[in-house]
Amino acid sequence: MQNAARELQEEHVQHQKQKEPENKQDHQPGKKKNKNLEYIKKNYLLYLFIAPAIILTIIFKYIPMYGAVIAFKDFSPMRGILGSEWVGLEHFTGFLTSPNFLNIFMNTLKLSSFELLLGFPIPIILALMLNQIRRANAKKNIQLILYAPHFISVVVISGMVFLFLSPTGPINSLITLVTGNSYSFMSDPDAFRSIYIISGIWQGAGWASIIYVAALANVDPQLHDAAKIDGASLLRRIWHIDLPVLKPVMAVLFILAAGGIMAIGFEKAYLLQTSMNIPASEIIPTYVYKLGLQAGDYSFATAVGLFNAVINVFLLVFVNSVVKKLNEGEGLM
Amino acid sequence: MNLTKSDRILLTVNKMLLVIVSLLVLLPLLYVFLSSFLQPNTLLNKGIMLSFSDFSLDGYARLFADGTILRGFFNSVLYATGFTLVTVVVSILAGYTLSQNGLVGKKTIMIFFIVTMFFNGGLIPTYLLVRDLGMLNTVWAIILPNAISVWFIILARTYFKAIPNELKEAARIDGASDFMIFLKIILPLSKPIIFVLALYAFIGQWNAYFDAMIYLEDRELHPLQLVLRSILIQNEVQPGMIGDQMARAELQRISEMIKYSSIVVASLPLLIMYPFFQKYFEKGVMVGSLK
């Protein structure tokens with residue numbers, strides 16, 4: 001097989017040599033096309049390598065994008081996507097004018113923006129704190145503990161939340177000790193967002209600090225030494241030396257996180273949902289799931305999902321431009 | 001190292017705070033672990049008065065008395081392994097191609113992939129496609145739709161770009177074919193990136209429940225996370241776990257023990273293994289951030 005491949009390659013080389021004189025007489029665009037074709041012929045293996053990725057992407061990413069046209073149709077499984085009737089924006093106006101709309105939209109927006117605003121600074125603070133630990137061993141052990149929850153599944157985290165917050169669980173035992181009454185966390189809509197965000201920080205903040213810790217490792221220690229001689233306090237050195245190093249990383253991560261605001265994770269919200277906390281826990285993704293896959297209202301659910309995606313793209317562009325302004329022209333795009 | 005007094009106080013406070021934060025992370029895990037060997041609320045009532053006689057394996061015995069959790073475990077091993085294989089092979093091959101200088105159509109192909117990071121058809125069209133392809137209730141529904149990760153492809157590409165071109169040129173002069181160069185020179189050098197991608201893929205799939213929930217109706221096919229969901233979230237107790245009918249309070253007691261032990265069974269393997277791979281995980285985060 002090796003020989004065969006080599007022969008093939010030699011053949012290509014000969015081909016190239018024969019064609020070269022012809023090429024010189026060609027027009028400019030034709031010449032370029034020929035060259036490209038030859039490159040592809042010569043390196044067909046590279047294109048063979050990338051073919052599976054392209055095929056899978058077409059099937060599982062691009063075809064569903066086309067499939068999203070059912071948001072503008074009255075999809076019936078019997079007639080298929082093509083055969084179903086066009087209804088224009090009916091599903092979108094249906095969603096926007098439905099009594100649920102404002103509640104679900106605000107739930108989505110609140111849950112993810114509070115999560116972002118509260119969750120974003122904590123990994124940065126953790127990294128700055130870890131950076132002050134000089135003993136490498138101690139630092140490594142703390143990191144080992146802080147990263148651990150990242151490896152626990154969302155089902156288990158949610159299960160732990162239910163166990164810890166149950167009327168007879170450890171948290172309520174403490175509350176009962178102090179106040180004499182237990183508090184039913186999981187059936188109170190007002191508690192849902194706090195539960196979601198605090199459990200998210202518990203699980204993710206340590207892991208999210210990795211990238212900041214690594215950025216801080218690039219800070220030149222001489223800068224700190226020089227500042228120390230000038231009499232700068234620890235806090236001033238962190239403020240003037242460490243933080244500026246983190247700024248570009250923060251900008252990129254903030255844009256990415258803010259761009260995902262409406263694409264908030266379905267998985268944990270759905271698990272932490274109870275029939276009692278629905279007024280706060282119903283967000284667009286859980287609503288799409290229930291309407292589409294549980295109730296079978298495919299077209300309406302697709303329209304709701306599409307509406308969400310469009311808002312998300314606008315948010316991404318908006319946040320990017322704001323960060324660009326604040327960050328001296330440096331953004332993501 | 002002559003720090004001012006206020007700086008020294010600050011550093012001590014910093015250390016103490018980090019210890020407190022570590023305890024806040026560690027204590028819930030420890031609580032779950034200990035509770036899985038105890039009758040409900042023993043830990044709270046007895047605290048440090050706990051004695052050896054309080055510990056039992058009752059929760060674990062009941063958990064494994066029913067085959068559901070073991071079946072889930074084996075299903076998860078199957079799904080995670082299959083998914084990892086497909087994802088890593090596809091990403092490595094694509095990443096290698098995209099790392100080549102002068103690749104014709106590189107920009108178009110990159111845009112083709114990156115578009116899918118920002119736009120997608122959404123839940124319902126993807127579900128309908130998987131259904132129409134006849135993949136519901138098959139392993140393929142878990143493996144194929146998410147096998148392409150643009151992030152993985154970019155990770156692989158970044159790694160391959162760092163391999164010096166001279167290596168390939170030298171082999172080519174020696175008469176090696178492109179395929180042989182990839183197989184004998186590039187792949188052996190790529191063990192670290194393959195390992196990082198495989199770890200990420202395996203753990204991601206091991207901890208996922210959503211695709212299985214929508215694509216696999218057949219309970220026999222449910223992975224571990226769905227079994228856990230029925231135990232932990234939906235409060236279902238398998239008949240095999242309780243045996244005879246019993247009083248409500250007794251049922252509650254047993255179901256709580258089963259919950260704690262199921263958490264330990266599902267999470268302990270990864271938590272024990274991850275410290276050994278910590279540096280690889282960190283590497284993955286870093287390579288991805290550099291672009």
Side-chain angles (χ1 to χ4, degrees), chain A residues 2 5-6 9 36 39-40 43 45-46 49-50 52-53 56-57 60-61 63-65 67-68 70 129-130 132-133 142 144-146 148-149 151-156 158-160 162-164 168 170 173 202 206 210-211 214 233-234 266-267 271 288-289 292-293 298 301-302 305-306 309 313, chain B residues 6-7 10-11 14 17-18 22 25-26 28 31-32 41 44 90 93-94 96-97 100 103-104 113 116 118-129 144-145 147-148 153 175 177-180 203 207 209-210 214 225 228-229 232-233 259 263 266-267 270-271 274-275 278 282 285-286 289:
Chain A
Q2 193 180 355
R6 197 183 303 168
Q9 205 187 349
N36 286 349
Y39 178 91
I40 293 173
N43 297 291
L45 195 70
L46 291 177
F49 275 5
I50 205 168
L56 280 172
T57 305
F60 292 107
K61 305 286 176 199
I63 292 181
M65 281 187 213
I70 63 169
M129 288 169 71
L130 279 167
Q132 293 305 324
I133 304 292
I142 297 174
L144 207 61
I145 294 171
L146 295 186
F151 294 91
I152 297 171
S153 76
V154 63
V155 174
V156 167
S158 308
M160 282 169 66
F162 274 104
L163 279 169
F164 285 177
T168 56
S173 302
W202 181 80
I210 290 183
I211 198 158
S233 71
L234 184 62
F266 161 95
E267 307 206 337
L271 290 172
V288 169
Y289 169 73
L293 296 187
Y298 295 126
T302 306
L306 204 61
V313 170
Chain B
S6 63
D7 279 1
L10 209 60
L11 281 177
N14 180 51
L17 278 176
L18 275 175
S22 304
V25 171
L26 203 58
Y31 181 85
V32 170
N41 287 336
L44 287 173
V90 170
L93 290 178
Y96 179 68
T97 295
Q100 302 299 308
L103 180 83
V104 170
F113 283 127
T116 65
F118 297 99
F119 301 96
N120 60 68
L123 175 68
I124 309 294
T126 311
Y127 172 82
L128 291 175
L129 173 75
L144 292 181
I148 293 292
I153 293 176
S177 67
D178 282 354
F179 187 67
M180 276 299 144
I203 289 175
N207 281 341
Y209 81 94
F210 182 64
I214 62 174
Q225 297 301 329
L228 282 174
R229 174 172 165 258
L232 291 172
I233 312 288
K259 282 180 183 180
I263 290 181
S267 312
L270 285 191
L271 287 181
Y274 115 84
Q278 192 187 359
E282 289 180 31
V285 175
M286 298 324 301
S289 66

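Naming: A, B, ... by sequence-line order, numbering from 1 per chain.
Annotation: maximal heavy-atom pairing with chain A below 4.5 Å, among B/Pro145, B/Ser267, B/Gly122, B/Ala94, occurs at B/Pro145. Among B/Leu144, B/Leu270, B/Ile153, the residue with the largest count of heavy-atom pairs under 4.5 Å with chain A is B/Leu144. Of the listed residues (A/Pro52, A/Gly206, A/Ser233), the one with the most heavy-atom contacts under 4.5 Å to chain B is A/Ser233. Taking B/Ile263, B/Leu129, B/Asn14 one by one and counting their heavy-atom pairs under 4.5 Å with chain A, the maximum is reached by B/Asn14. Options A/Leu163, A/Asn36, A/Thr302 differ in how many heavy-atom pairs under 4.5 Å they form with chain B, and the most are formed by A/Leu163. Per-residue heavy-atom pair counts under 4.5 Å with chain B were compared for A/Leu144, A/Ile133, A/Leu45, and the maximum is reached by A/Leu144. Your options are A/Ser158, A/Ala301, A/Pro170, and the one with the most heavy-atom pairs under 4.5 Å with chain B is A/Pro170. Chain B forms more heavy-atom pairs under 4.5 Å with one residue of A/Val288, A/Asn43, A/Ile63, A/Ile152 than with any other, namely A/Ile152. When A/Ile40, A/Leu56, A/Thr57, A/Leu130 are compared by the number of non-hydrogen pairs under 4.5 Å with chain B, A/Thr57 comes out ahead.
From B/Asn120, atom CG reaches atom CG of A/Leu306 across 9.5 Å, with rounding to the nearest 0.5 Å. A distance of 8.5 Å separates CZ in A/Phe151 from CG in B/Leu271, rounded to the nearest 0.5 Å. A distance of 4.0 Å separates CG in B/Leu18 from CE in A/Met129, rounded to the nearest 0.5 Å. From A/Leu46, atom CG reaches atom CD of B/Gln100 across 5.0 Å, with rounding to the nearest 0.5 Å. To the nearest 0.5 Å, atoms OG (A/Ser153) and CD1 (B/Ile203) are separated by 12.0 Å.
Partners of A/Ile145 under the side-chain contact (heavy atoms from CB on, under 4.5 Å) rule, at least two apart in sequence or in another chain, are B/Ser22, B/Val25, B/Leu26. In terms of the side-chain contact (heavy atoms from CB on, under 4.5 Å) criterion, residue partners of B/Leu10 (sequence neighbours excluded) are, by chain and number, A/Leu234, A/Leu235.
Both the backbone and the side chain of B/Leu228 have a heavy atom closer than 4.5 Å to some heavy atom of chain A. Residue contact with chain A, scored on non-hydrogen atoms closer than 4.5 Å, involves the backbone and the side chain of B/Asp7 alike.
Here the shortest heavy-atom pairing between A/Phe164 and B/Pro28 reads CE1-CB, 3.5 Å. Across B/Tyr274 and A/Ala148, no two heavy atoms sit closer than the pair OH-N, 3.4 Å. Of all the heavy atoms in B/Gly121 and A/Ala68, the pair that sits closest is O-CB, 3.9 Å. Pairing each heavy atom of B/Thr126 with each of A/Pro64, the nearest pair is OG1-CB, 3.7 Å.
Side-chain contact between B/Leu232 and A/Phe162: absent, with no pair of heavy atoms (C-beta onward) separated by less than 4.5 Å. Annotation: side chain of A/Val154 is not in contact with side chain of B/Phe210 (no heavy-atom distance under 4.5 Å). Between A/Leu271 and B/Tyr209, some side-chain heavy-atom pair lies under the 4.5 Å cut-off. The closest side-chain heavy-atom distance from B/Phe113 to A/Ile50 is below 4.5 Å. Proximity of B/Leu103 to A/Tyr39: side-chain heavy atoms (C-beta onward) are separated by under 4.5 Å at one or more points. Contact check for A/Leu293 versus B/Tyr127: side-chain heavy atoms found under the 4.5 Å cut-off. In this structure, the side chains of A/Ile70 and B/Leu128 come closer than 4.5 Å at one or more pairs of heavy atoms. Annotation: side chain of A/Val156 is not in contact with side chain of B/Asn207 (no heavy-atom distance under 4.5 Å).
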